[in-house]
2 protein chains.
Amino acid sequence: MSASIEDVARAASVSVATVSRALRGLPNVAPSTRARVLAAASELRYVADPHASRLAARRSLTIGLALPMIGTWYHAKLFSGVEAVVAANGYDVLPFTMAGTGGVDRFLEDLPFRKRVDGLVVVDAPLHPDQLGRLVGAGVALVTLGLRSEQAPSITLDNRAAARLAVSHLTGLGHRRLAIIGGVPDDPFRFSAPVDRHRGYVDSLAAAGITPDPTLAVPGNFSLEGGAEAMQRLLGASDPPTAVFACSDEMAIGAMQVVRDAGLRVPRDVSMVGFDDHDVSAYLGLTTIRQDVTGQGERAARLLIGLLAPTDGATPVPVHEVHPTRLIVRHTTGPPARSADRLG
Amino acid sequence: MSASIEDVARAASVSVATVSRALRGLPNVAPSTRARVLAAASELRYVADPHASRLAARRSLTIGLALPMIGTWYHAKLFSGVEAVVAANGYDVLPFTMAGTGGVDRFLEDLPFRKRVDGLVVVDAPLHPDQLGRLVGAGVALVTLGLRSEQAPSITLDNRAAARLAVSHLTGLGHRRLAIIGGVPDDPFRFSAPVDRHRGYVDSLAAAGITPDPTLAVPGNFSLEGGAEAMQRLLGASDPPTAVFACSDEMAIGAMQVVRDAGLRVPRDVSMVGFDDHDVSAYLGLTTIRQDVTGQGERAARLLIGLLAPTDGATPVPVHEVHPTRLIVRHTTGPPARSADRLG
DNA sequence: CTAACGGATGTAAACGCTTTCATCAACAAG
DNA sequence: CTTGTTGATGAAAGCGTTTACATCCGTTAG
C-alpha cells in the first residue's frame with residue numbers, strides 16, 4: 001500500500017542499508033548515491049515506518065508529558081511550550097493524563113510509558129520522591145516541572161519569594177487583614193506550590209508585624225469555582241479581609257466576582273492579587289504575579305532533549321532552574337478603605 | 001533490562017505465541033494456562049513493547065489530533081475531551097500542531113502521521129476538501145471537527161443559527177447599530193465558522209430591517225488582543241455601535257476592556273455578546289452563546305474509534321453531527337442608551 | 001475400533017527498519 | 001607490483017511482537 005524501504009532501494013538500485021544511511025544523513029555515502037536515493041524516496045513519497053525504525057533503533061523518538069490534566073490555562077500553556085520544542089527537535093510528544101482511573105499510582109504501577117518514550121517531563125510532580133527515584137534508577141530520563149526533586153533536573157519557581165512579593169505589596173498599601181486563597185494540598189510532596197506560597201504569605205505578615213489568622217487561609221482548589229467558594233467563606237466571616245492573595249488568577253477571578261456580587265468594590269473594599277498572569281488578567285486589570293508558563297515548558301523540553309543526547313562524558317549534574325516571577329501591579333489593589341479611618 | 005515476551009514464556013513454560021494469546025485475552029487458551037501466564041507476566045512486570053507489537057499487528061493504537069495550535073482555551077478543552085475518551089479506549093493520542101514551519105501544507109506533504117496513527121481528528125479543518133479527500137482515499141480514518149466535510153464524519157455547530165441567536169437578542173433589545181468582531185478568514189474552506197457567523201449576523205440584521213454597515217464588521221483574530229484592537233477601531237469610527245457581537249468570548253473580553261478604558265460602560269453604552277461560554281465568562285457576567293467544547297472532543301474521539309473498529313458490513317455512511325448551542329443571557333447586554341432618546 | 005473433529009499449544013514466518021561486519025574498489029605508499 | 005588504508009556498499013542478523021499454519025491429543029460419532 002505504501003512504499004517501504006525496499007521499494008526505495010530497488011528504485012535507486014542500492015541496498016536497503018544504503019537507503020537507510022542516505023536518508024538519515026549518515027556519513028560514508030557517496031553524494032551521487034545519496035542524491036539518487038533522495039530522489040527515489042521523494043518520488044515514492046516514502047516515509048520510514050516509525051514503529052519499525054523505533055523497534056530496530058531502540059529509541060522511540062517520543063517524549064512523554066505527564067500532567068494531572070489538560071484543559072486548564074496553566075497546563076495548556078505548558079503543553080504548548082513543550083510541544084513546540086519537542087516537535088522542533090523531531091520528537092513526538094505523548095501526553096499522559098493522571099485524571100483517569102487509578103491516576104498516578106496506576107501510572108506508576110503499569111508504567112504505561114515504559115518502552116514507549118525516551119524521556120518524561122513530569123508536571124506538578126505527581127510522584128513521590130521515592131517513586132521518582134525509582135524511575136530515575138530504572139533509567140528513565142526525566143525532568144520535573146513545578147516541584148524540585150534531587151534526583152532529576154527540575155524547573156521551579158521561588159514560590160515563597162513570589163508570595164512575599166504579592167503579600168508585601170498588600171501590606172505596603174496598609175492592609176492588616178489579609179486572606180490567602182490557595183489551600184494546603186493533600187500531599188505537599190506532590191504539589192508544593194500552595195504550601196510554599198502560604199509560607200511566603202506568613203513571612204510577609206510577620207515582616208509587617210501581623211499575626212496570621214488561620215480563618216483567613218482558605219483552600220480554593222485552583223479553580224474559578226473554588227476561588228468563588230473561598231471568597232464566600234471569607235466574606236461570611238465576622239471580620240472579613242480587606243485584601244486577598246489568591247494563589248492563581250483563576251481563583252482571583254472567581255473571588256472577585258463574589259466580591260462584586262456582594263455589592264462590594266475592587267479594590268476599594270477588597271484588594272485582590274492573583275498569581276500566574278493569565279491571558280485575561282491584563283484585560284481584567286488584575287494585579288498579579290507573572291510567570292512565564294510557556295517558557296517553562298519550552299525549557300523543560302530543551303533540558304530533557306539535552307539529557308537524551310549522547311553524553312560523551314560523565315553523567316551530568318542535575319540542573320535546577322528557578323524561573324523568575326514578577327509583580328505586575330494593575331488595578332485590583334489599593335489602600336484599604338479603613339486606612340482613611342486610621343488617618344482621621 | 002526489562003522483560004520480554006520470551007522471558008514470560010520461559011517463566012510460564014509455554015511458547016511466546018501462547019503468552020501473546022493469553023495476555024490479549026484471545027480465545028483458545030486453557031484457563032489454567034492463562035492464569036499461569038498472567039502470573040508470570042505480572043511477576044516480571046512485563047509490558048509488551050508497543051513498537052514491536054504495532055509493527056507486527058500493523059496498527060498503531062494511536063490516534064492523531066491535528067489542530068492549529070494548543071494553548072488557547074478552545075483547543076485545550078477540545079484536547080481534553082479527545083484525550084479522555086481516547087485514553088479510556090486504550091489508544092494513545094498524538095498531537096500535531098500546525099504552527100511550525102510549513103504548517104498545514106508541510107503536514108500534508110510529509111504526511112508525518114502516515115503509518116503512525118490509525119486515525120485522525122482534524123480540528124478546524126485546516127485542510128482543503130480535496131486534501132481531505134486524498135487522505136480518505138488513502139485509507140486514513142478521520143473525523144473533522146469544526147468544518148463539515150462530505151468525505152468524512154464531522155462535528156460542527158450551526159454557526160449561522162447561533163449567530164442569529166446572539167444578534168437577534170441584541171436587535172430585540174432595540175439595538176440598531178450592531179457590530180461584529182470576527183473577521184473573514186484567509187480561506188473559508190479551512191475555517192468556516194467566522195463566515196457562517198457573519199452570515200447569521202446579516203440574517204438577523206435583515207430580519208430587523210437593518211442594512212449592514214461594512215465598517216461595523218471587523219476582524220479580531222479570535223484573540224484577546226485582536227478583540228481589543230477591533231474594538232478600538234469601532235470606537236474610533238464616527239458613529240460607533242451600541243452593541244457588539246464578538247465571535248469568541250476572548251475577543252469579547254478584550255473588547256470590553258477597551259470599552260471601559262474609553263470611559264464607557266457595559267452594557268449601558270455598549271452591549272456585548274460573546275461566543276463559546278469560556279470558563280471565565282460566567283464570572284465576568286458575559287452574555288454569550290454556549291457550546292460544549294469538551295463534549296465535542298469526546299464525541300469526535302468516540303466517532304473515530306467507532307470508525308476504527310472492525311466494520312462487519314458495508315462502509316458506514318459518514319455521520320454529520322450538528323451540536324447544539326444556546327444563548328446564555330447574563331449582564332453585558334441591555335437596551336441601548338439611545339432607546340430612551342427614541343422614546344422621548 | 002476407527003475416523004473425524006475441535007480445542008490447546010507450538011513453530012516459524014513475517015513486520016520494516018537499523019546496524020554490525022564483511023567486501024570491494026580505488027588509491028597512496030613502499 | 002605488492003600492501004595498507006580508506007571510503008562506499010551490501011549481506012544478514014537482529015529488534016520484540018503477531019499470526020497463519022501445523023501438531024497433538026482427547027472426544028465423539030459412526
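The figures here come from the full heavy-atom set of this structure, side chains too, leaving out hydrogens, waters and symmetry mates. Naming convention: chains lettered A, B, ... in sequence-line order (proteins, then strands); numbering from 1 in each chain.
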- Contact nearer the 5' end of DNA chain C, comparing Thr33(B) with Glu6(A):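 First, find each residue's nearest nucleotide; the 5'-ward one identifies Thr33(B).
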
Among [options], which is the nearest nucleotide to the side chain of [X]?
X        : options                  : answer
Thr18(A) : dG16(D), dG10(D), dT9(C) : dG10(D)
Ala52(A) : dA8(C), dA12(D), dG16(C) : dG16(C)
Ala57(A) : dT19(C), dG16(D), dT9(D) : dT19(C)
Ala48(A) : dA8(C), dC17(C), dG10(C) : dC17(C)

Using only side-chain N and O atoms of [X], determine if any of them is under 4.0 Å from OP1 or OP2 of [N].
X         : N       : answer
Ser20(B)  : dT19(D) : no
Lys115(A) : dT17(D) : yes
Arg59(B)  : dC15(C) : no
Ser53(A)  : dC17(C) : no

Specify the separation, in whole Å, of atom [atom1] of [X] and atom [atom2] of [N].
X         : N       : atom1 : atom2 : result
Leu23(B)  : dG16(D) : CG    : P     : 16 Å
Leu26(B)  : dA20(D) : CG    : P     : 11 Å
Leu55(A)  : dT17(D) : CG    : P     : 9 Å
Asn28(A)  : dC21(C) : CG    : P     : 16 Å
Arg36(B)  : dA8(C)  : CZ    : P     : 13 Å
Arg116(A) : dT17(D) : CZ    : P     : 13 Å
His51(B)  : dC15(C) : NE2   : C1'   : 15 Å
Arg21(A)  : dC17(C) : CZ    : P     : 15 Å

- Query: For Ala56(A) and Ala17(A), take the nucleotide of DNA chain D holding the closest heavy atom to each; which residue's nucleotide lies nearer the 5' end?
  - Reply: Ala17(A)

- Using modelled atom types only, decide if a donor and an acceptor are shared between the side chain of Lys115(B) and the backbone of Ala48(A) within a distance under 3.5 Å.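 No; judged by distance alone, with no hydrogens or angles, the pair does not exist.
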
- Do the side chain of Arg34(A) and the main chain of Leu26(A) share a donor and acceptor less than 3.5 angstrom apart?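 Judged by distance alone, yes, a pair lies under 3.5 Å.
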
- Message: Are Phe222(A) and Tyr74(A), when compared by the centres of their aromatic rings, separated by less than 6.0 Å?
- Response: no

- Kindly say whether, by distance alone, the side chain of Arg58(B) makes a donor-acceptor pair under 3.5 Å with the base of dG16(C)?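 By the distance-only test, no, there is no pair.
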
- Carboxylate-amine/guanidinium proximity below 4.0 Å for Asp92(B) and Arg116(A): yes

- Do Thr156(B) and Glu321(B) have side chains that get closer than 4.5 Å, going by heavy atoms? no

